[in-house]
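First the structure, in the form of structure tokens, and then the observations on it.
Hydrogens, waters and symmetry mates play no part in the numbers below; they use all other heavy atoms, side chains included. In what follows, chains are A, B, ... by sequence order, proteins preceding strands, each numbered from 1.
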Amino acid sequence: MKLNTLTIEQARDGLQKKEFTSAELTKACLTRIEETEPKINALVTQTAEFALAQAKKADEQLAAGVDLPFLGIPIVIKDNFSTKGIRTTASSKVLDNYIPPFNATVVQRLYDAGAVMLGKANLDAWAHGSSTETSDYGSTQNPWNTDFLPGGSSGGSTASVSADQAIAAIGSETAGSIRQPAAWCGVVGLKPTYGRVSRYGVIAMGSSLDSPGPITKTVKDSAIILSVLAGKDPKDATSSPKKTDDYISACKEKVQGLKIGISDDYFNGVEKDVTKLVQEALKEFEKLGAVVKNIKLFDPKYAIAVYTIIQRAEVSSNLARYDGIRYGYQREKFREEAKRRIMLGTYTLSAGYYDQYYNKALRVRTLIIKNFAEAFKEVDVIIGPTSPSTALPLGASKGHPMFGEMADVLAEPSSIAGLCGISIPCGFAKNGLPVGLQITGPQFAESLVLNAAYAYEQTTNWHEQKPNL
Amino acid sequence: MKIDVSHIAKLSNLQLSDEEKKKFEKQLEETLDYIKKLEEIDTENIPPTNQVNGLENVLREDIPSPSLPQDEVLKNAKTTHNGFFKVPAILEK
């Protein structure tokens with residue numbers, strides 16, 4: 001068995017039992033990266049030497065009997081997370097030469113837990129997108145079919161995990177950027193509740209929305225990473241002081257009595273294959289003892305408008321700092337998508353328009369939050385397709401002024417409300433591309449969501465299938 | 001609905017070519033048309049939500065602690081002067 005194809009759970013087990021070393025595990029991943037990068041371009045920066053040095057240290061600690069949750073396990077990290085001494089670009093030429101003097105909290109927690117970092121994963125520049133095609137370092141290709149997109153903005157992270165370049169990856173989601181590429185690449189992507197994981201050191205996109213989270217091969221692996229990342233960070237004033245749970249124990253096979261809500265609006269405009277597979281999955285949930293109930297949710301089409309305004313307004317503010325003075329290049333290096341979003345954001349915040357657009361969007365946001373609160377009085381979780389389609393072909397995002405926001409319609413409502421959600425594989429469409437379903441829960445209900453996801457996952461073997469790369 | 005693209009570009013501190021201005025004007029108007037859908041929704045007496053997890057005034061004790069070393073902070077700057085960042089002139093004599 002090739003070591004790079006292991007899950008976190010299997011790798012931890014093998015390392016503890018001394019069946020192999022972290023150096024061997026890391027080298028297997030580096031070999032796979034070398035083989036596959038020309039085909040999928042998942043990484044902006046490779047850090048082989050750094051990784052091998054970390055692996056060496058991990059092996060010394062393993063030999064000494066040290067027990068850390070991630071000791072010696074190789075991962076890739078989305079390139080919008082600041083990594084001290086290692087180039088961080090957010091996939092934009094504006095930061096082509098930027099070397100952060102500090103680690104993002106997520107990165108520091110992973111290092112402290114013993115992680116080995118293989119490289120920085122590709123993304124849509126500044127995380128503005130749902131395809132990874134707007135990266136200034138070339139698009140990433142989907143490992144299931146390299147003529148297709150991996151989704152985005154965390155497309156490099158999901159492609160890397162899908163191709164078994166890394167044992168797991170870290171991504172971030174503002175609305176859909178973890179869940180959608182996870183669905184398109186056939187892997188597990190968890191968007192934690194806003195504030196569950198620290199945003200310190202993440203290159204900001206939408207400050208009231210950004211949520212760092214794990215991208216993994218299995219649901220249990222997702223819980224393992226969440227355990228390392230979750231929790232209050234004094235460096236992030238928006239991080240929540242709420243107690244964290246035992247996410248790993250939450251992965252149980254029982255969902256007897258779980259109330260699942262489905263909303264017809266969330267199946268509007270969804271491809272037939274995708275709908276069929278999600279409905280089959282719902283039948284599996286019923287077999288496990290869950291109860292499926294129809295609920296009425298706020299029409300997701302309004303969420304597109306709300307999200308477009310709030311996100312682009314926050315983007316215009318967050319990208320104001322890039323002026324080439326303290327770091328990076330000047331604003332001429334912004335490409336089309338960034339400029340477009342900055343301009344729309346500036347417009348909606350400008351004098352005379354603030355109330356009509358930005359303030360209005362914030363009020364509709366309140367309605368969306370109330371709507372979910374009402375729904376969660378009737379049901380425990382909400383299930384639906386993650387994305388209206390399977391992966392789209394390369395080039396699909398070009399020239400479309402709202403591609404990202406339109407593609408993420410099914411993720412936007414829960415993101416606007418700051419809820420948690422997970423995308424898990426639920427089968428393959430006739431075109432051979434993976435399909436994902438998403439399970440959404442109330443704020444801080446990650447345990448419930450992980451439980452439901454794990455129970456379903458264990459009745460299938462979707463997670464054991466690998467692309468033919 | 002006409003957007004003054006030159007004005008927005010100035011507010012955004014972005015320099016656009018004439019070609020870009022034309023292209024963005026059309027695309028921005030398309031986007032604005034779409035987001036106007038929100039006017040269909042009644043938000044009378046509904047307060048805006050800025051912060052979704054209800055946190056307010058998150059403070060810490062006023063105790064200074066080590067920050068980044070000055071030389072590290074200056075490392076990424078294109079030009080520095082006597083341990084300072086150098087900025088373009090903003091005040092005229």
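- Between the B:Arg60 side chain and the A:Pro234 main chain, no donor and acceptor come within less than 3.5 Å of each other.
- No more than 12 heavy atoms of other residues, nucleotides or ligands shown are found within 6.0 angstrom of NZ on B:Lys22.
- Taking chain A as the reference chain and counting heavy-atom pairs below 4.5 Å, the highest number among B:Asp4, B:Asn13, B:Leu11, B:Leu68 is found for B:Asn13.
- Rounding to the nearest 0.5 angstrom, the gap separating the CD1 atom in B:Ile3 from the OH atom in A:Tyr353 is 8.5 Å.
- Contact check for A:Glu405 versus B:Tyr34: no side-chain heavy atoms found under the 4.5 Å cut-off.
- Per-residue heavy-atom pair counts under 4.5 Å with chain B were compared for A:Arg326, A:Lys242, A:Arg365, and the maximum is reached by A:Arg326.
- The line from CD1 of B:Ile8 to OG of A:Ser316 is 10.0 Å long, rounded to the nearest 0.5 Å.
- Remark: the B:Gln15 side chain and the A:Arg331 side chain contain no N/O donor-acceptor pair separated by less than 3.5 Å.
- Proximity to chain A (any heavy atom under 4.5 Å) is restricted, for B:Lys86, to the backbone atoms N, CA, C and O.
- The distance from the CG atom of A:Leu367 to the OG1 atom of B:Thr43 is 7.0 Å, given to the nearest 0.5 Å.
- B:Asn53 places none of its side-chain heavy atoms less than 4.5 Å from the side chain of A:Arg196.
- Of all heavy-atom pairs spanning A:Pro401 and B:Thr31, the tightest one is CB-OG1, 4.1 Å.
- Note: A:Ile304 leads A:Ile304, A:Asn359, A:Ile369 in heavy-atom pairs under 4.5 Å with chain B.
- Contact check for B:His7 versus A:Tyr347: no side-chain heavy atoms found under the 4.5 Å cut-off.
- Of the two parts of B:Leu38, the backbone and the side chain both hold a non-hydrogen atom closer than 4.5 Å to a non-hydrogen atom of chain A.
- Interface summary for chain A: among B:Ser12, B:Pro88, B:Gly54, B:Pro69, the most heavy-atom pairs under 4.5 angstrom belong to B:Ser12.
- Using a 4.5 Å cut-off between heavy atoms, A:Tyr322 makes no contact with chain B at all.
- Within a 6.0 Å sphere centred on NZ of A:Lys232, other residues, nucleotides and ligands contribute more than 12 heavy atoms.
- Rounding to the nearest 0.5 Å gives a distance of 12.5 Å between CG of B:Leu28 and CZ of A:Arg341.
- Top candidate by heavy-atom pairs under 4.5 Å with chain B, chosen from A:Thr346, A:Thr366, A:Val364, is A:Thr366.
- Residue A:Tyr329 does not touch chain B at all, counting heavy-atom pairs closer than 4.5 Å.
- Here B:Ile35 is the residue among B:Val87, B:Ile35, B:Leu16, B:Val58 with the most heavy-atom pairs under 4.5 Å with chain A.
- Side-chain N or O atoms of B:Asn76 include one that pairs as donor or acceptor with a backbone N or O of A:Ile99 at under 3.5 Å.
- Rounding to the nearest 0.5 angstrom, the gap separating the OG1 atom in B:Thr79 from the CD1 atom in A:Ile325 is 8.5 Å.
- Not one N or O on the side chain of A:Glu336 forms a donor-acceptor pair closer than 3.5 Å with the backbone of B:Glu20.
- The backbone N or O of B:Ile46 sits less than 3.5 Å from a side-chain atom of A:Arg363, completing a donor-acceptor pair.
- Using a 4.5 Å cut-off between heavy atoms, A:Thr238 contacts chain B through both its backbone and its side chain.
- Nearest heavy atom pair, residue B:Leu55 against residue A:Pro241, reads CD2-CD, 3.8 Å.
- Proximity to chain B involves both the backbone and the side chain of A:Ala237, based on heavy atoms less than 4.5 angstrom apart.
- At a 4.5 Å heavy-atom cutoff, the contact between A:Met402 and chain B is made by side-chain atoms alone.
- Residue B:Glu19 qualifies as open at atom CD: its count of foreign heavy atoms under 6.0 Å is 12 or below.
- Summarising the local packing, CZ of B:Phe84 is surrounded by 12 or fewer heavy atoms from other residues, nucleotides or ligands at distances under 6.0 Å.
- Among the candidates A:Ile309, A:Thr193, A:Asp323, the residue making the largest number of heavy-atom pairs closer than 4.5 Å to chain B is A:Ile309.
- Surrounding NZ of B:Lys21 are more than 12 heavy atoms belonging to other residues, nucleotides or ligands, all under 6.0 Å away.
- For a residue to count as touching a neighbouring chain, one of its non-hydrogen atoms must lie under 4.5 Å from one of that chain's; by this rule A:Ser317 does not touch chain B.
- For a residue to count as touching a neighbouring chain, one of its non-hydrogen atoms must lie under 4.5 Å from one of that chain's; by this rule A:Ala417 touches chain B with the backbone only.
- Contacts of A:Lys301 with chain B are made by both backbone and side-chain atoms, with heavy-atom separations under 4.5 Å.
- Proximity to chain B is limited to the backbone of A:Ile416, based on heavy atoms less than 4.5 angstrom apart.
- How far CG of A:Leu362 is from CD of B:Gln51: 12.0 Å, rounded to the nearest 0.5 Å.
- Residue B:Lys37 touches chain A through both its backbone and its side chain, counting heavy-atom pairs closer than 4.5 Å.
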Output, in order, the C-alpha distance, side-chain angles, deciding distance and verdict of side-chain contact (heavy atoms from CB on, under 4.5 Å) for B:Glu25 and A:Met343. CA-CA 10 Å; B:Glu25 186 179 348; A:Met343 303 251 291; over 6 Å; no

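- For B:Glu40 and A:Tyr302, the side-chain atoms include at least one donor-acceptor pair closer than 3.5 Å.
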